[in-house]
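Side chains included, hydrogens not; waters and symmetry mates left out as well; all remaining heavy atoms used.
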Amino acid sequence: MLSLKFIQENPDWVVERLAVKEFDAREIVDQVLELYRKRNETQNKVDLRKAEMNKLSKEIGMLFKSGKTDEANTAKARTAELKESIKEMDQEFDRIDEELMELQVQLPNIPSELVPAGKTAEDNLVVDEGGVKPELGENAKPHWELAEQYDLINFELGVKITGAGFPVYKGWGARLQRALINFFLDQARENGFTEVQPPYVVNEASGFGTGQLPDKEGQMYHATADNLYLIPTAEVPVTNIFRDVIVDAKELPIKYTAYSACFRREAGSYGKDVRGLNRLHQFDKVEIVQVAHPDKSYEVLDGMVSYVKSLVEKLELPFRIVRLCGGDMSFTSALTYDFEVWSAAQERWLEVSSVSNFESFQANRLKLRFREEGQKKPQVAHTLNGSALALPRIVAALLENNQTAEGIRVPKVLVPYMGTEIIN
RNA sequence: GGAGAGAUGGCAGAGUGGUCGAAUGCGGCGGUCUUGAAAACCGUUGUACCGCGAGGUACCGGGGGUUCGAAUCCCUCUCUCUCCGCCA
């Protein structure tokens, strides 16, 4: 979330920049300005009265101690009115503060200057591409047919056990999942990321910290009996490691990676988007998360983009990198690069990674700060994360792009993990 | 699931109604000493908000209450730990 101070100091700029995200912030910003002013005014007044009250109480204490009971009782009588007005003003303050918070969480993050204008995915900017699209010819099969042919994934079984979007991986299919996870984690470690295994279920505070709550609870599975949420991405538990934390500046950047299953309700999705592995309710992903110095976070973002690029290149997948336009970006992001790989039989691009700089948006919610050497006051840090990578669509592309008459060719980097050069 | 205990500053741990934002120890930082280091000694060491400033306010798990005054008493919620049971 944007800090109140920031909004107060740059109200017009906030409105102007949020327009890039197709968000009309005028009304909310105006209300924030008004309420913030009222809040401070109220605090000022109530603090003065509290100071008076504290002083009186101390005096009464002294009087009782020195046995001047009559004088003490006289003084006591004077506190009643003060007490009443403090109570009223406190309530007023709390009311305003709550209202402010409600407004504050409605404002999306400010898009970076690099974000192109635009409403939909059509307006995203392709900034890089690589690899060669394979020529498959007439008999090319989509991955769901290949998965069935080689008995890699059983979608119907998942329906029976749970429901649509929860496939069962089997044999080489299951082995491929494990191979990819291990490959991604090994790569991350070699690039300086510390591996963590987080919980897959989080509480409300964590959901708030990374921005899923309060508004996007519809995307998460909710275990109501315990009021816990299944994670939609490892970003949530991993980033929340740093909730209410002040780190030393010299520890930055902090680089974490985690494998996790991810759970998404995906209410309202339909059609070709959900066919096969294209969109699932449960999927596997290796995530990378960084906590960075504000001066360095865009360098860090570039580093993450080149790291993810190295992964898709090693997997020999044709890819492109797009910079999301304002209208296609998430609520919390300041700048996002999506990675898409070419799915040769479906003949479409599939998003396999999303790498974002959240600047201080999450850190404000998390109260994640750092302290510069020798400085007293902590500053808000920047957070970033990215998929490295999400498995299902990688699997879809690998199956389709590498299909041959003899079977599915395994990319070289995965051969040691798979123990075979071909799946058949 | 049953029974009990507890939640205090970076950590450990006192404080059971009044100058308590909080003893003490450890850790951290600065200094003295030393060729350097250790030890010893001295000092310092939470966060947020309001205020131009002086300064003020809040915070001892969360919320509510009693009281002139609450870390301390009462209610309530949450969480943690221990033992028993069950169990990967």
### Query
Quick one: is A:R369 getting a side-chain N or O under 4.0 Å of the B:U47 phosphate, OP1 or OP2?
no

### Task
Among residues two or more places apart or on two chains, list those pairs meeting salt bridge (charged side-chain N to carboxylate O under 4.0 Å, His left out) that have a residue in residues 363-378 of chain A.
none

### Pairs meeting criterion ring-ring contact (aromatic ring centres under 6.0 Å, His included) with involvement of residues 21-70 of chain A, two or more places apart
none

### Message
For B:U67 and A:K76 - does any side-chain N or O of the residue sit under 4.0 Å from the phosphate oxygens OP1/OP2?
### Response
no

### Task
Salt-bridge test for A:E34 and A:R37: reply yes if a basic N is under 4.0 Å from a carboxylate O, no otherwise.
yes

### Query
Should A:Y36 be listed as having a side-chain N or O under 4.0 Å from OP1 or OP2 of B:C49?
no

### Query
Just how far, in rounded Å, is C1' of B:G51 from NZ of A:K45?
15 Å

#### Entry: Separation of the P atoms in B:C86 and B:C73, to the nearest angstrom
38 Å

### Query
Can any side-chain N or O of A:Q106 pair as donor or acceptor with the backbone N or O of A:E102 at less than 3.5 Å?
yes

#### Entry: Rounded distance (Å) that lies between atom P of B:G69 and atom CG of A:L82
11 Å

### Query
Can you list every pair that meets ring-ring contact (aromatic ring centres under 6.0 Å, His included) and has a residue in residues 207-253 of chain A, with sequence neighbours left out?
A:H222-A:Y229, A:F242-A:Y256

### Query
When rounded to the nearest Å, what value does the distance between P atoms of B:G6 and B:U67 take?
28 Å

### Query
Any ion pair linking A:D90 and A:K50 (charged N to carboxylate O, less than 4.0 Å)?
yes

### Query
Just how far, in rounded Å, is P of B:G46 from NZ of A:K367?
20 Å

#### Entry: Within residues 299-317 of chain A or reaching into it, pairs that qualify as salt bridge (charged side-chain N to carboxylate O under 4.0 Å, His left out) - sequence neighbours excluded
A:D128-A:K309, A:E316-A:R409

### Task
Measure centre to centre between the rings of A:F263 and A:H281, then say whether the value is under 6.0 Å.
no

### Query
Do NZ/NE/NH1/NH2 and the carboxylate oxygens of A:D186 and A:R189 come within less than 4.0 Å?
yes

### Message
Using a 3.5 Å limit for the pairing distances, which stems of at least 3 consecutive Watson-Crick or G-U wobble pairs does RNA chain B take part in?
### Response
B:1-7 with B:78-84, B:10-12 with B:24-26, B:27-32 with B:40-45, B:46-50 with B:55-59, B:61-65 with B:73-77

### Query
Using the P atom in both, what is the distance from B:U57 to B:A3, to the nearest Å?
45 Å

### Inter-nucleotide C1' distance (B:C20, B:A70), Å rounded
11 Å

#### Entry: Residue pairs passing the side-chain hydrogen bond (donor to acceptor under 3.5 Å, both in side chains) test where at least one lies in residues 163-172 of chain A, sequence neighbours excluded
A:D151-A:K170

### Query
P atom, B:C84 versus B:U76: distance in rounded Å?
29 Å

#### Entry: Nearest-Å distance once atom P is located in both B:C50 and B:A37
44 Å

### Query
What does nucleotides 16-21 of chain B look like as a protein-contact string, B for base, S for sugar-phosphate only, - for none, at under 4.0 angstrom between heavy atoms?
--BB--

#### Entry: Partners passing side chain to side chain donor-acceptor pair (under 3.5 Å) against A:Y200 (at least two apart in sequence or in another chain)
none

Restricting to nitrogen or oxygen on both sides, can you table the protein-nucleotides 74-80 of chain B pairs closer than 3.5 Å?
none

### side chain to side chain donor-acceptor pair (under 3.5 Å) involving A:S356 - partner list, sequence neighbours excluded
A:T336

### Query
Tell me: CD1 of A:I246 to P of B:G10, nearest whole Å?
8 Å

### Query
Whole Å only: how far is the CG atom of A:D244 from the C1' atom of B:G46?
14 Å

### Task
Send over the distance from A:R37 CZ to B:G51 P, rounded to a whole Å.
12 Å

### Task
In sequence, state the C-alpha distance, the side-chain angles, and the governing distance for A:F358 and A:N385, and then conclude on side chain to side chain contact (heavy atoms under 4.5 Å, CB included).
CA-CA 8 Å; A:F358 303 96; A:N385 68 50; 3.1 Å; yes

### Query
Choosing from B:C68, B:U47, B:G51, which nucleotide comes nearest the side chain of A:M53?
B:C68

### Query
Contact class for A:K377 (heavy atom, under 4.0 Å): base, sugar-phosphate, or nothing?
sugar-phosphate

### Message
Please determine whether a side-chain nitrogen or oxygen atom of A:R371 lies at a distance below 4.0 Å from atom OP1 or OP2 of B:U47.
### Response
yes

### Message
Does any part of the side chain of A:N401, heavy atoms only, come nearer than 4.5 Å to the side chain of A:L398, both counted from C-beta?
### Response
no

#### Entry: Spacing of the P atoms in B:U8 and B:U80 (rounded, Å)
14 Å

Between the protein and nucleotides 57-64 of chain B, list the N/O to N/O atom pairs that are separated by less than 3.5 angstrom.
{"residue": "B:U57", "atom": "OP1", "partner": "A:N54", "partner atom": "ND2", "Å": "3.1"}
{"residue": "B:U57", "atom": "O2'", "partner": "A:D47", "partner atom": "OD1", "Å": "2.9"}

### Task
Could you tell me which residues satisfy side chain to side chain donor-acceptor pair (under 3.5 Å) with A:R26, sequence neighbours excluded, listed by chain and number?
A:D12, A:D30

### Atom-to-atom span, CD of A:E251 to C1' of B:G28 - whole angstrom
13 Å

### Task
For nucleotides B:C74 and B:G25, find the distance between their C1' atoms and express it as a whole number of Å.
34 Å

### Task
May I have the distance from A:Q379 (atom CD) to B:A48 (atom C1'), rounded to whole angstrom?
16 Å

### Task
Please figure out whether A:R39 or A:K83 has its closest RNA chain B nucleotide nearer the 5' end.
A:R39

### A:R95 and A:E98 ion-paired at < 4.0 Å
no

